[in-house]
Amino acid sequence: MEYNHRDIESRWQNYWKEHGTYNTEVDKNRPKFYVLDMFPYPSGAGLHVGHPLGYIASDIYSRYKRLNGFNVLHPMGYDAYGLPAEQYAIQTGQHPEVTTVNNINRYRSQLDKIGFCYDWNREIKTCDPEYYKWTQWTFIRMFNHYYDRDADKALPIAELIEKFEKNGTEGVNAASSQDMSFTADEWKAMTDKEKSDTLMNYRIAYLGNTMVNWCPKLGTVLANDEVSEGVSVRGGYPVEQKLMYQWCLRVSAYAPRLLEGLDRIDWTDSLKETQRNWIGRSEGAQMKFKVDGKDLELDIFTTRADTIFGVTFMVLAPESEYVDLVVTDSQRKEVDEYIAAIKHKTERERMIDKKVSGVFTGSYAINPIAGTRIPIWISDYVLAGYGTGAIMAVPAHDSRDYAFARHFNLPVIPLIEGADVSEESFDAKSGKMINSASDKLDLNGMEVKDAIAATKEFIEKEGIGKVKVNYRLRDAIFSRQRYWGEPFPVYYKDGIPCTMDDNQLPLQLPEVDKYLPTESGEPPLGRAKNWHTPEGYPIELCTMPGFAGSSAYYLRYMDPRNGNELVSHEANDYWRNVDLYIGGTEHATGHLIYSRFWNKFLYDLGLVCEDEPFKKLINQGMIQGRSNYVYRIKDTNTFVSYNLRKDYDVTPIHVDVNIVSNDILDIEAFKNWRPEFATAQFILEDGKYVCGYAVEKMSKSMFNVVNPDDIVEKYGADTLRLYEMFLGPLEQSKPWDTNGIDGVNRFLKKLWGLFYKGDTLLVDDAQPTKKDLKSIHKLIKKVSADIENFSFNTSIAAFMICVNELSQQKCHSREVLEKLLIVLNPFAPHVTEELWHILGNEGSICDAQWPSYSEEYLKEDEVTYAVSFNGKARFNITVPADMPRDEVEKTAIGAEGAKKWLEGKTIRKVIVVPGKIVNIVIG
RNA sequence: GCCCAGGUGGCGGAAUGGUAGACGCGCUCGUUUCAGGUGCGAGUGCUGCGAGGCGUGCAGGUUCGAGUCCUGUUCUGGGCACCA
């Protein structure tokens with residue numbers, strides 16, 4: 001029998017499906033293990049060969065854990081809401097659901113061909129009402145909770161209302177959009193609308209006027225992680241800043257816990273670092289500066305309180321609410337013009353245009369420690385969204401302040417001994433302080449870090465300010481002016497937002513006639529008929545963003561068909577959290593922050609039992625495309641082979657990589673590829689047309705997209721799986737290069753050859769030889785360790801070595817071969833399942849037991865040592881493996897080859913490295 | 001500017017401080033075949049006829065011994081960024 005992958009793979013895929021081999025249930029007698037892939041957004045282009053990389057890795061690990069006795073939860077689903085389906089709907093009028101379902105079906109058929117062990121009974125789609133019911137349900141909980149800083153968790157908003165009724169804001173320590181202060185009586189006197197507005201300051205899901213990233217081209221707002229360098233991540237359209245009344249999630253309240261939680265999870269350092277940067281903790285001081293001649297204090301934030309004596313001016317962000325309060329009448333016109341000009345610019349323009357600009361307000365502030373009178377300016381280099389939107393400028397020790405001071409001719413006072421500030425500022429936090437004394441405080445002579453501490457202590461004591469920690473992490477903007485997303489379970493009663501009752505969920509996405517905004521500029525849901533409650537109250541028109549549905553999907557997999565709860569206590573208590581999460585780095589600051597936030601919120605409510613959702617996370621690298629080129633001689637239809645192209649004036653042209661094999665062009669296929677090439681002529685080298693290549697992004701326009709279906713058809717899923725893993729370390733990005741796939745395919749054929757010669761089954765029950773045992777035990781040891789370390793490429797090398805050894809040793813021992821099959825099963829599930837049954841085993845190989853290895857079989861009879869002199873290896877000696885070290889030393893020194901090195905020298909030291917080297921140090 | 005990774009043959013890549021280049025691709029030779037392909041066997045870091053010499057981006061250091069540890073430097077890839 002020949003190795004026929006088509007036969008084998010379809011047969012076993014059907015078997016697994018029919019037998020429900022991979023279905024999973026809670027089983028308290030077995031330890032659980034939860035392996036999760038980041039679920040895909042089903043795009044219209046289908047899967048390319050890069051997508052399954054992480055899925056294959058997680059599949060290997062899942063199968064390995066299962067063979068080791070774990071009850072493995074390994075589900076898959078679809079992140080089904082997203083912009084592309086909606087854009088397509090706008091263009092074609094086709095309902096996004098239709099497109100999405102088609103794409104999902106295509107994904108599913110592609111995934112099925114690769115032989116994954118997903119429990120498809122647990123499949124979820126974020127656009128399924130039975131799924132998004134729980135997204136809406138959680139949103140309502142977020143609306144009805146606030147973050148209590150004293151309890152350090154989310155608490156019901158009713159408890160906050162109680163506090164307001166008793167003592168007003170007195171004693172309330174809660175995360176809020178702005179500081180509020182009122183008495184119980186003032187609270188009671190508020191109208192319902194006023195109370196609602198007040199509570200919005202505290203709710204975890206709240207409506208707020210915030211500066212948002214508005215993308216006019218997409219007609220929607222975007223979250224910070226959906227914008228990169230001033231353009232939208234999807235589509236690359238310009239994004240501008242706009243003040244809008246939007247739903248937001250108070251993610252910032254969780255910033256300290258999101259930061260602290262990183263220390264308890266097993267993620268790569270670089271990913272944790274990326275999150276730490278994104279959260280952006282910075283410890284400093286908030287200080288009050290009096291405005292001269294006005295009853296007003298400016299709050300500023302600084303990490304360099306020590307530089308207080310070098311403050312020569314203040315700067316406000318153009319959007320700062322202080323602006324109106326400090327601008328003098330004489331400066332009003334100039335300021336208004338400046339602010340108008342800034343508003344006109346998009347975020348991108350502001351970033352590209354790094355020219356210094358600003359305007360004087362006409363007012364002065366008083367330095368609370370030095371007592372100096374300093375001008376207050378406005379400039380766009382100060383951001384409204386960070387700190388207080390106002391700074392004290394210390395040009396000598398901050399490069400941005402320095403540039404501003406030089407441009408507007410403001411004084412620069414150096415504060416650190418030896419710092420030369422004639423050309424640039426001195427930003428380093430080191431050195432001895434100078435010029436830093438008044439009758440209140442004397443920092444002169446102190447080291448910078450001592451001066452920072454001393455200043456902080458002073459300002460707290462004097463009530464000038466307080467020590468404060470600031471986070472860069474912003475609240476997530478949660479409204480999208482789009483159709484294809486979860487509707488908000490919110491209606492407006494006399495202008496007051498109210499959430500629906502749980503029994504009204506899911507609030508289903510209504511039908512609309514077009515997927516565009518209405519004529520009056522309302523979101524597409526404004527087109528829906530009867531989009532109001534039975535009482536006639538209008539329902540929110542925005543929908544939720546993409547990350548809403550993907551923030552808790554890992555919980556839903558635990559109990560996907562539960563109609564009464566997001567996840568039952570029993571299921572959650574058993575599966576707990578994700579033990580291994582595999583996916584791309586592109587989600588580092590989006591999904592992976594939101595999910596952690598979402599999970600911590602549910603944890604606060606006692607709905608889940610773990611506060612971190614993903615224990616271990618691995619980022620698989622990206623697979624880039626490898627494009628091929630042909631070289632057309634200019635103005636002809638003649639193509640010249642790669643190595644001969646220098647002799648001609650040629651134009652490189654992308655050629656479809658699917659008609660190129662090992663960089664050799666299939667000329668017939670090329671002629672059929674495009675009509676204009678039908679009559680092409682070729683200048684060959686050695687009778688072949690060799691193509692050039694380049695590593696580029698995998699994309700249709702470069703004709704370098706490799707579809708896994710084609711690889712599966714030609715070589716089989718097992719070969720695809722092995723090859724993707726063999727390509728290199730999992731976490732590294734690498735180009736897809738089909739050259740070399742023959743190597744792993746050849747390996748599978750060799751494996752088959754261990755079992756069959758022609759149609760004769762070779763397997764026997766004879767005792768395995770010592771050598772055979774050694775080969776297989778070496779393999780088990782290596783592969784077990786490699787899988788634990790996610791070093792799959794080296795395991796495959798080990799398989800190749802083992803199969804070569806066994807075939808050389810003509811090993812046909814059932815005992816050895818069965819072990820080989822089990823160990824190989826996670827990598828190549830189809831062929832191993834086939835051979836497992838050929839050996840007469842019943843049931844799936846998945847239920848076998850991972851073999852253990854014994855050092856006993858790995859022992860060597862003889863060991864070869866390299867004998868070196870002063871570290872230079874000179875000759876080898878071979879001695880019995882159990883020879884004691886001092887005997888080995890003597891043998892090495894007495895060996896024939898040692899004579900010439902020892903002549904006239906004294907031996908200083910002899911080092912014996914077990915099994916490797918005898919180093920004789922001579923002098 | 002700040003923070004991460006990483007530089008090893010023609011290529012992808014292996015190497016608990018212990019014979020650098022496992023394994024695979026490619027290439028060369030032989031063999032099977034009418035032939036091509038496949039299969040099988042041998043070889044393949046550079047240099048030299050050879051003994052040998054030189055080799056892990058560069059420069060130092062620690063060590064009997066460094067691709068691996070330390071210091072500096074340089075290049076490449078990625079992330080963050082008027083964040084006070």
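Worth knowing before you read on, the calculation uses all heavy atoms, side chains too, and leaves out hydrogens, waters and symmetry mates. Residue numbering restarts at 1 for every chain, and letters A, B, ... go by the order of the sequence lines.
- In this structure, A:Q624 atom CD and B:G77 atom C1' are separated by 10 Å, rounded to whole Å.
- With both ends at atom P, the span from B:C49 to B:U28 equals 22 Å, rounded to whole Å.
- On the P atoms, B:U68 is 15 Å away from B:A15, given to the nearest whole Å.
- Exactly one of A:T388, A:N367, A:V311, A:I300 qualifies for a side chain to side chain contact (heavy atoms under 4.5 Å, CB included) with A:M287. That residue is A:I300.
- Under the Watson-Crick or G-U wobble criterion, with both distances below 3.5 Å, B:C80 is paired with B:G1.
- A cation-pi arrangement is absent between A:R596 and A:W278, since the terminal nitrogen or guanidinium carbon is not both under 6.0 Å from the aromatic centre and inside a 45° cone about the axis.
- A 3.5 Å limit on both hydrogen-bonding distances identifies no Watson-Crick or G-U partner for B:A15.
- Comparing the same atom, C1', in B:G17 and in B:A66 gives a spacing of 7 Å after rounding to whole Å.
- Rounded to whole Å, the separation between the C1' atoms of B:U19 and B:A5 comes to 30 Å.
- B:A14 atom C1' lies 15 Å from atom NZ of A:K734, rounded to whole Å.
- Whole-Å rounding puts the A:F301 CZ to B:A84 C1' distance at 8 Å.
- Side chain of A:S282, nearest nucleotide from B:A84, B:C80, B:C82: B:A84.
- Nucleotide B:G41 holds its C1' atom 11 Å from the CD atom of A:Q808, rounded to whole Å.
- Distance check, rounded to the nearest 0.5 Å: CD1 of A:I623 to CH2 of A:W736 gives 6.0 Å.
- For the C1' atom pair drawn from B:U56 and B:A20, the interatomic distance equals 8 Å after rounding to whole Å.
- Atom pair A:K778:NZ and B:A22:P shows a separation of 15 Å (rounding to whole Å applied).
- Comparing the P positions of B:C83 and B:G18 gives an interatomic distance of 45 Å, to the nearest angstrom.
- Considering only side-chain atoms of A:N739, the nucleotide from B:A84, B:C23, B:C25 that sits closest is B:C25.
- Between A:F827 and A:F799, the ring planes are perpendicular. Angles over 60° get that label, and only those under 30° would be called parallel.
- Between the side chains of A:Y715 and A:T738, no donor N or O sits under 3.5 Å from an acceptor N or O.
- With RNA chain B read from its 5' end, the first of the two nearest nucleotides for A:L727 and A:T388 is the one closest to A:L727.
- Each of B:G13, B:G24, B:C83 was ranked by its minimum atom distance to the side chain of A:P729; first place goes to B:G13.
- Looking at heavy-atom distances under 4.0 Å, A:I911 makes contact with a base.
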- Task: Check the pair A:Y338, A:S357 against side chain to side chain donor-acceptor pair (under 3.5 Å), reporting the backbone distance first and the verdict last.
- Result: CA-CA 9 Å; A:Y338 178 73; A:S357 70; 2.8 Å; yes
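- An anti orientation is assigned to B:G72, its glycosidic angle lying beyond 90° of 0.
- Under the Watson-Crick or G-U wobble criterion, with both distances below 3.5 Å, B:G41 is paired with B:C29.
- Between A:G728 and A:A797, the residue whose closest nucleotide on RNA chain B is further toward the 5' end is A:G728.
- Residue A:W278 contributes atom CH2, which lies 17 Å from atom C1' of B:C4 at whole-angstrom precision.
- Rounded to an integer number of Å, the gap from CG of A:D737 to P of B:C25 is 13 Å.
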Under 3.5 Å, which N/O atoms of the protein pair with N/O atoms of nucleotides 37-40 of chain B?
residue	atom	partner	partner atom	Å
B:G39	OP1	A:R746	NE	3.0

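- Pair assignment for B:A20 gives none, since no Watson-Crick or G-U wobble pairing has each distance under 3.5 Å.
- Distance from the side chain of A:L383 is smallest for B:C82 among the nucleotides B:C3, B:C82, B:A14.
- Pairing for B:G72 is with B:C58, a Watson-Crick or G-U wobble pair whose two hydrogen-bonding atom distances lie under 3.5 Å.
- Protein atom OH of A:Y471 is 21 Å distant from nucleotide atom P of B:C80, rounded to whole Å.
- Close to B:G78, at under 4.0 Å from its OP1 or OP2, lies no side-chain N or O of A:Q732.
- An OP1 or OP2 oxygen of B:A84 is reached within less than 4.0 angstrom by a side-chain nitrogen or oxygen of A:Y386.
- Listed candidates were B:G13, B:G79, B:A22. Nearest to the side chain of A:T274 is B:G79.
- Look at the C1' atom in both B:G45 and B:A14: the space between them is 15 Å, to the nearest Å.
- Side-chain atoms of A:L298 and A:L316, non-hydrogen and from C-beta on, do get closer than 4.5 Å to each other.
- Residue A:I391 is in base contact, counting any heavy-atom pair closer than 4.0 Å across all strands shown.
- Counting heavy atoms of neighbouring residues, nucleotides and ligands inside a 6.0 Å radius, atom NZ of A:K272 exceeds 12 of them.
- Within the structure, every side-chain polar atom (N or O) of A:R281 is placed at least 4.0 Å from both OP1 and OP2 of B:C83.
- Distances were taken from every side-chain heavy atom of A:M800 (C-beta onward) to each of B:A14, B:C83, B:C23; the shortest belongs to B:C23.
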- Give the intermediate values and the outcome of side-chain contact (heavy atoms from CB on, under 4.5 Å) for residues A:F313 and A:F404. CA-CA 10 Å; A:F313 56 102; A:F404 193 84; 3.3 Å; yes
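- Across all strands shown, A:N793 has heavy atoms under 4.0 Å from sugar-phosphate atoms exclusively, and none from any base.
- Taking the six-membered ring where the residue is Trp, A:H397 and A:F426 present perpendicular rings, their angle passing 60° and hence far from 30°.
- Contacts of A:E731 with the nucleic acid, taken as non-hydrogen atoms under 4.0 Å apart, are absent.
- With both ends at atom C1', the span from B:C46 to B:G24 equals 22 Å, rounded to whole Å.
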